[in-house]
Amino acid sequence: PFITIQSNALLSGVVIYYEEQERVQLPVAYPWTLFMTGNNAAVMDVELLGSFNGINATLAHRHYIARVQGQPLNIGVFVDSTYDIGRLDG
């Protein structure tokens, strides 16, 4: 992944722009832009531009994802194996 958000960490207020995606005919299958892991990881106020796969919240217990926008080309948000309440806000 491009950025890993671990337990009790927050990524907020950034724009991640894959400018080279606009110059190729076939999208480049980059790994996840954001990977959330551990307890209480959070992503807020983030824009993903040209990302192939956006946010992976696997084993991210009590994750919080809010006000994320953009246009991932393959998968936007993937949540799996979360054993406590995770939250997704628009």
Side-chain angles (χ1 to χ4, degrees):
F2 179 61
I3 298 173
T4 300
I5 301 111
Q6 296 183 345
S7 293
N8 302 312
L10 165 68
L11 178 69
S12 179
V14 298
V15 175
I16 300 170
Y17 178 38
Y18 289 85
E19 181 179 1
E20 60 280 0
Q21 289 286 30
E22 294 183 12
R23 297 188 186 127
V24 296
Q25 288 186 342
L26 295 174
V28 178
Y30 289 109
W32 291 98
T33 301
L34 304 176
F35 181 74
M36 302 173 75
T37 185
N39 297 328
N40 307 310
V43 174
M44 296 174 15
D45 303 313
V46 170
E47 186 168 16
L48 303 175
L49 301 173
S51 175
F52 189 73
N53 290 320
I55 301 172
N56 183 332
T58 300
L59 294 173
H61 316 301
R62 293 187 303 275
H63 63 270
Y64 182 59
I65 301 170
R67 298 177 304 279
V68 175
Q69 61 183 359
Q71 51 280 90
L73 303 173
N74 188 41
I75 299 172
V77 177
F78 179 78
V79 177
D80 193 23
S81 300
T82 300
Y83 302 114
D84 205 342
I85 298 168
R87 292 167 288 152
L88 298 167
D89 266 339

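Please read these numbers as outputs of a predicted model, since none were measured by experiment.
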Of the non-hydrogen atoms in [X] and [Y], which two are nearest, and what is the gap between them?
| X | Y | result |
| --- | --- | --- |
| Pro72 | Gly54 | CB-N, 4.1 Å |
| Leu10 | Ile5 | N-CG2, 4.3 Å |
| Leu49 | Glu47 | CD2-OE2, 3.5 Å |
| Phe35 | Thr58 | CZ-O, 4.3 Å |
| Pro1 | Pro31 | N-CB, 4.3 Å |
| Tyr18 | Gly50 | CB-O, 3.4 Å |

Is there a path from [X] to [Y] through hydrophobic residues (I, L, V, M, F, W, Y) whose side chains come within less than 4.5 Å of each other?
| X | Y | value |
| --- | --- | --- |
| Ile85 | Leu88 | no |
| Val14 | Val43 | yes |
| Leu11 | Tyr30 | yes |
| Trp32 | Val77 | no |

Is there a side-chain contact between Leu59 and Tyr83 (heavy atoms, below 4.5 Å)? yes
For Phe2, I'd like to know if atom CZ has over 12 heavy atoms of other residues, nucleotides or ligands within 6.0 Å. no
Roughly how far apart are [X] [atom1] and [Y] [atom2], rounded to 0.5 Å?
| X | Y | atom1 | atom2 | value |
| --- | --- | --- | --- | --- |
| Asn39 | His63 | CG | NE2 | 12.0 Å |
| Arg62 | Arg87 | CZ | CZ | 9.5 Å |
| Ile55 | Ile3 | CD1 | CD1 | 10.5 Å |

Quick one: which of Val68, Ile16, Thr4, Asn56 gives a side-chain contact (heavy atoms from CB on, under 4.5 Å) with Leu34? Ile16
Given 3.5 Å as the limit, does a donor-acceptor pair link the side chain of Ser51 with the main chain of Asn53, or not? yes
Whether Gln21 side chain and Val28 backbone form a donor-acceptor pair below 3.5 Å: yes
